[in-house]
Amino acid sequence: MSVDAYERFWMWIAGLLITVFLGAILLTTGLQAVHPPSHIETIDPTTLADDREFGKPGVTVREDGSAVVVVVAQLFSFSPDPIEVPLGKPVTFRLTSADVIHGFEIVGTNANAMVVPGYVSQFTVTFERAGEYVIACNEFCGVGHHMMTGKVVVKKALP
Ligand SMILES: [Cu+2]
């Protein structure tokens, strides 16, 4: 079978592009821990206040020093704020929204998730640098969107 030179050229280009795109996915997955949401968990946004977990947003430190942070996002704030978490230990964030779609990006880290009403977003991150981090809502959520920020404080020792 003979393939025209131009056709062969473009077949190689297409093959190369597919290889580059797949490589980019594998590299960011393996080296930068970029991945799709961990699981699908639903919740009724109209009864958040009565929820055992999301009714009382806050930080729980486990015995091994890791922490679970339960966060509710609503127009135009995050609760709790500030969020105090331990340094060098896995911190699992569990997020949901009480109203519209918000974003939850911890600036300067790879922690970044959509916060969708009716769903629980979850990810785990380990902070290697103590100090304050800004949380930004990166999904346009209304007139106060540009003011919707929060703070994560990474501390060596939590009380
Ligand atoms: Cu928002």
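All figures in this text were calculated on a predicted structure; none of them were measured in a lab. Atoms within each ligand, like the ligands themselves, are counted from 1 in listed order.
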Near the Cu ion (ligand 1) (under 2.8 Å) - protein N, O or S atoms: His102 ND1, Cys137 SG, Cys141 SG, Met148 SD
Is the closest side-chain heavy-atom distance between [X] and [Y] below 4.5 Å?
X     : Y      : value
Pro90 : Thr126 : yes
Arg94 : Phe54  : yes
Phe93 : Ser121 : no

Worked verdict on Ile106 versus Phe127 for side-chain contact (heavy atoms from CB on, under 4.5 Å): CA-CA 11 Å; Ile106 305 176; Phe127 295 92; 3.9 Å; yes
Gap separating the CD1 atom of Ile135 from the NZ atom of Lys151, nearest 0.5 angstrom: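 Ile135 atom CD1 to Lys151 atom NZ measures 10.0 Å (nearest 0.5 Å).
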Spacing of Asp99 atom CG and Leu75 atom CG [to the nearest 0.5 Å]: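 Nearest 0.5 Å value for the CG-CG distance: 3.5 Å.
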